[in-house]
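Worksheet: one structure, shown below.
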Amino acid sequence: LDEFQQIIGKKQNDILQLQIHFTEENAPTSRLVGQNVQLEISIKNVIHADQPPIDEHLIQKLFPNFSSLEELKNTLKEETLNEFVEQRKSQYIQKLLDQIVQNSNFILDDELLESELHLLKQKNKSSFYAAQDFHHNIKEQLQQFEKECKSFIEKNIKEQLVLQEISKLEHITISEEEIAYNQELLIQSPEDQDYFNRSFSSTEDFKQFLLQEKTLAKLYEYNPPTL
């Protein structure tokens with residue numbers, strides 16, 4: 001938040017009063033849009049760090065796999081560019097998917113919707129209560145929370161239905177070899193295995209994830225952005 005820039009240049013024992021107005025651009029949730037928050041910040045200590053010179057010696061010490069500062073700069077530049085390209089690609093694919101969902105008609109299974117809604121509410125209940133301002137009407141906040149959950153679930157289910165239909169029409173499938181190959185790529189350590197197990201409850205769950213990613217890639221291939 002821009003308001004926290006006021007901390008720069010302050011000294012030990014300084015006290016700041018920050019008035020933050022949440023807008024659609026900076027609010028962490030829609031419930032905070034339009035609200036004002038008053039913060040009092042006390043500077044307990046200021047630690048001054050001496051920045052060492054960025055030279056070949058430092059590079060060799062911190063990044064032994066790089067032979068020079070120039071090589072590190074080029075690698076970081078390439079990685080940053082790739083991340084930017086992937087981010088723009090993901091945004092474009094999401095825009096395509098949103099347009100398809102918007103122009104499609106759906107009949108949603110009420111039982112599935114309620115089941116997914118219940119799971120999402122249970123998963124996010126603790127974070128919801130931790131973020132609330134209980135000086136306001138908790139009933140209204142709960143209603144808004146449920147509304148946001150329902151909207152998210154409906155959007156998610158519609159996107160899944162669209163991707164399932166595309167994969168059927170285009171005969172997109174995931175082989176056992178693809179499952180094994182991608183699983184091997186993702187799991188390189190016990191920590192990776194633990195994260196994988198928490199992310200995917202079963203092999204079928206992982207297969208559906210791969211199918212979705214493959215279908216999204218095909219959607220991008222058929223509808224590339226125009227220059």
Side-chain angles (χ1 to χ4, degrees), residues 1-55 58-59 61-63 69 72-73 75-99 101-102 116-159 191-192 194-195 198-199:
L1 295 174
D2 293 339
E3 287 80 2
F4 284 99
Q5 296 294 321
Q6 299 177 42
I7 297 176
I8 297 175
K10 298 301 179 183
K11 304 183 296 298
Q12 185 176 3
N13 298 322
D14 282 353
I15 297 178
L16 290 81
Q17 299 289 339
L18 298 185
Q19 180 77 24
I20 300 176
H21 176 71
F22 284 111
T23 64
E24 291 184 356
E25 287 72 29
N26 65 13
T29 69
S30 61
R31 295 185 296 276
L32 293 177
V33 174
Q35 295 191 31
N36 295 313
V37 175
Q38 181 76 33
L39 296 179
E40 181 177 284
I41 299 177
S42 177
I43 308 299
K44 298 298 183 182
N45 194 13
V46 177
I47 299 175
H48 298 278
D50 295 326
Q51 182 176 340
I54 302 178
D55 52 21
L58 180 64
I59 296 304
K61 184 176 181 181
L62 297 179
F63 306 99
L69 177 59
L72 175 61
K73 286 181 177 180
T75 301
L76 292 177
K77 182 179 179 180
E78 181 179 355
E79 290 178 351
T80 301
L81 178 60
N82 290 337
E83 288 178 5
F84 174 75
V85 171
E86 284 302 313
Q87 183 183 41
R88 293 298 298 270
K89 182 178 177 180
S90 296
Q91 291 172 346
Y92 177 74
I93 292 175
Q94 185 61 54
K95 185 178 179 180
L96 285 176
L97 193 55
D98 289 342
Q99 290 175 347
V101 168
Q102 186 176 359
E116 293 293 323
L117 178 60
H118 176 73
L119 290 174
L120 183 65
K121 285 163 60 179
Q122 291 299 315
K123 183 178 179 180
N124 292 278
K125 182 181 290 184
S126 59
S127 59
F128 163 76
Y129 282 108
Q132 297 315 301
D133 177 2
F134 290 101
H135 291 93
H136 292 81
N137 191 320
I138 186 62
K139 184 178 180 180
E140 291 182 3
Q141 295 181 60
L142 282 169
Q143 289 175 343
Q144 180 64 27
F145 171 66
E146 183 161 340
K147 182 180 178 182
E148 290 177 2
C149 287
K150 187 174 182 180
S151 176
F152 174 82
I153 288 297
E154 286 182 351
K155 183 175 184 294
N156 184 261
I157 292 176
K158 289 177 180 179
E159 289 179 353
E191 291 76 15
D192 292 339
D194 181 61
Y195 181 77
R198 286 186 280 111
S199 301

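These numbers were taken from a predicted model, which means no experiment stands behind them.
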**Message:** Suppose we screen for side chain to side chain donor-acceptor pair (under 3.5 Å). Which residues come up paired with Glu191, at least two apart in sequence or across chains?
**Reply:** Ser189
**Message:** Restricting to side chain to side chain contact (heavy atoms under 4.5 Å, CB included), what partner residues turn up for Tyr92, sequence neighbours left out?
**Reply:** Leu96, Tyr220, Asn223, Pro225
**Prompt:** Got a sec, which residues hit side chain to side chain contact (heavy atoms under 4.5 Å, CB included) with Asn45, two or more places apart in sequence or on another chain?
**Reply:** Gln12, Ile47
**Asked** Measuring from Asn13:CG to Ser42:OG, what's the distance to the nearest 0.5 Å?
**Response** 6.5 Å
**Prompt:** Can you find a pair of side-chain heavy atoms, one from Leu16 and one from Ile43, that are under 4.5 Å apart?
**Reply:** yes
**Asked** Got Glu40 and Ile15 here, is their nearest side-chain heavy-atom distance under 4.5 Å?
**Response** yes
**Message:** Could you work out, with side chain to side chain contact (heavy atoms under 4.5 Å, CB included) as the rule, every residue matching Asp98, not counting sequence neighbours?
**Reply:** Gln94, Lys155, Glu159
**Item:** From CG (Leu72) to CG (Leu76), nearest 0.5 Å
**Value:** 4.5 Å
**Request:** Can you run down the side-chain hydrogen bond (donor to acceptor under 3.5 Å, both in side chains) pairs that involve residues 77-90, sequence neighbours left out, and say none if there aren't any?
**Result:** none
**Non-hydrogen atoms of Lys11 and Val46 that approach each other most closely** = C-CG2, 4.1 Å
**Complete:** Across all chains, not counting sequence neighbours, the side chain to side chain contact (heavy atoms under 4.5 Å, CB included) partners of Ile8 are Gln5
**Message:** With heavy-atom distances below 4.5 Å as the criterion, would you say the side chains of Ile41 and Ile7 are in contact?
**Reply:** yes
